[in-house]
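Please see the structure below; I have some questions.
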Amino acid sequence: MSWQSLKDKLAPSFTLPNYNGESYTVSPGKDGIPLVLFFYPRSGSFGCTKEACQFRDALAEKETFMNDKVRVVGISQDAVEKQKQFVEQHKLPYPVLSDSNGEARKAYHVGKGLLGLVEGRVTFIIDKSGMLRDAFESTMNYSAHVKFVTRWLSKLEKGNDTTESAPAPEAAATPATPV
């Protein structure tokens, strides 16, 4: 089953340990703020570091990401200790969760990427009412995920949060680099 089966439905809630080992509950729609969940293969790898830092920079620099207009949560299957090192090294200002047993990946139907060689890279857009509106899946084009979210946030901010998908990011944005 793929993530498309979740589209336009209430997004699943879950609780995982954050980078400090504390329980962190994701309850889409609970606070009335859109939510971005990005699942990535491995903390510390080249592509995953670039993606995580692009979300960090967007939160600091892009108007559509500022002032509690969106919540961003990063998730990988890395252990809490590795997540802590990753967050501290790159000064990530958002929750980074350890999904070591794959619970959240299963709930969101995130599979494998790169011909099944690594965990998939999928970013989900969940609107302020908790409805999963869209997702972008690309293991190789890590830089396209923030562009995808930026387009959706602009659309949600304008109140046009219909089920119509936002345009896909340009594939040529950044050369494909392995995780």
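All values below were derived from every heavy atom in this structure, side-chain atoms included, with hydrogens, water molecules and symmetry-related copies excluded.
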(message) Working to the nearest 0.5 angstrom, can you tell me the gap between Ser45 OG and Glu51 CD?
(response) 9.0 Å

(request) Would you check if Ser143 and Lys50 make a side-chain contact, meaning some heavy-atom pair closer than 4.5 Å? (result) no

(message) Within the 4.5 Å heavy-atom criterion, are Val36 and His145 side-chain neighbours or not?
(response) no

(message) Would you compute the distance between atom NZ of Lys91 and atom CZ of Phe86 and round it to the nearest 0.5 angstrom?
(response) 13.0 Å

(message) For Val96 versus Leu92, what's the shortest heavy-atom pair and its separation?
(response) CG2-CD1, 4.0 Å

(message) Is there a side-chain contact between Ser98 and Tyr19 in this structure, where contact means two heavy atoms from C-beta onward sitting under 4.5 Å apart?
(response) no

(message) If you apply the rule side-chain contact (heavy atoms from CB on, under 4.5 Å), what do you find for His90 with Cys53, and how did you get there?
(response) CA-CA 7 Å; His90 299 289; Cys53 289; 3.9 Å; yes

(request) Answer yes or no: is there a donor N or O on one side and an acceptor on the other, between the side chain of Asp127 and the main chain of Pro34, under 3.5 Å? (result) no

(request) Give a yes or no on whether a salt bridge exists between Arg121 and Glu137, defined as a side-chain N under 4.0 angstrom from a carboxylate O. (result) no

(request) With the side chain counted from C-beta on, respond yes when Ile126 and Met131 share a heavy-atom pair under 4.5 Å apart, and no when they do not. (result) no

(request) Mind checking ring pair (Phe, Tyr, Trp, His ring centres under 6.0 Å) for Phe55 and listing every partner two or more places apart, or none if nothing turns up? (result) Phe38

(message) What I'd like to find out is whether the side chain of Leu16 reaches to under 4.5 Å of the side chain of Ile75, using heavy atoms alone.
(response) yes

(request) Could you tell me which non-hydrogen atom of Tyr108 sits nearest to which non-hydrogen atom of Leu6, and how far apart they are? (result) CA-CD1, 3.5 Å

(message) On a heavy-atom basis, which atom in Ala135 and which in Val122 lie closest, and how many Å separate them?
(response) CB-CG1, 4.0 Å

(message) Just verifying a value: how many Å separate His109 NE2 and Phe39 CZ, rounded to the nearest 0.5 Å?
(response) 10.5 Å

(request) Answer yes or no: is there a donor N or O on one side and an acceptor on the other, between the side chain of Asp134 and the main chain of Phe124, under 3.5 Å? (result) no

(request) Provide the closest heavy-atom pair for Val146 versus Ala58 in the form atom of the first, atom of the second, distance. (result) CG1-CB, 4.0 Å

(message) Between Tyr94 and Val70, is there shared hydrophobic-cluster membership here, with clusters defined by ILVMFWY side-chain heavy atoms closer than 4.5 Å?
(response) yes

(request) Could you grab the distance from atom CG of Leu153 to atom CZ of Phe65, nearest 0.5 Å is fine? (result) 5.0 Å

(request) Just do the side-chain contact (heavy atoms from CB on, under 4.5 Å) check on Thr123 and Tyr40 with the steps written out, would you? (result) CA-CA 8 Å; Thr123 298; Tyr40 61 95; over 6 Å; no

(message) Please find the pair of heavy atoms, one from Gly21 and one from Val80, that lie closest to each other, and give the distance.
(response) N-CG1, 3.5 Å

(message) Working to the nearest 0.5 angstrom, can you tell me the gap between Ile125 CD1 and Lys155 NZ?
(response) 10.5 Å

(request) With rounding to the nearest 0.5 Å, note down the distance linking CD in Gln54 to NZ in Lys62. (result) 9.0 Å

(request) Examine distances only and state if a side-chain atom of Asp78 and a backbone atom of Lys82 form a donor-acceptor pair shorter than 3.5 Å. (result) no

(request) Name all residues meeting the salt bridge (Lys or Arg N to Asp or Glu O under 4.0 Å) criterion together with Lys69; count only those two or more places apart in sequence or in a different chain, and write none if there are none. (result) Glu63, Glu157

(request) Kindly give the heavy-atom pair with the smallest separation between Arg105 and Asp99, and that separation in Å. (result) N-OD2, 2.9 Å

(message) Are Gln85 and Glu81 packed together at the side-chain level, in the sense that at least one heavy-atom pair is separated by less than 4.5 angstrom?
(response) no

(message) Tell me whether the count of non-hydrogen atoms from other residues, nucleotides or ligands lying under 6.0 Å of CD in Glu103 goes above 12.
(response) yes

(message) Between Asp8 and Leu132, is there a side-chain heavy-atom distance shorter than 4.5 Å?
(response) no

(message) Any heavy-atom pair between the side chains of Leu35 and Val26 that's under 4.5 Å?
(response) yes

(message) Does Gln83 form a side chain to side chain donor-acceptor pair (under 3.5 Å) with Ser76? I'd like the steps, not just the answer.
(response) CA-CA 8 Å; Gln83 300 296 46; Ser76 77; 2.9 Å; yes

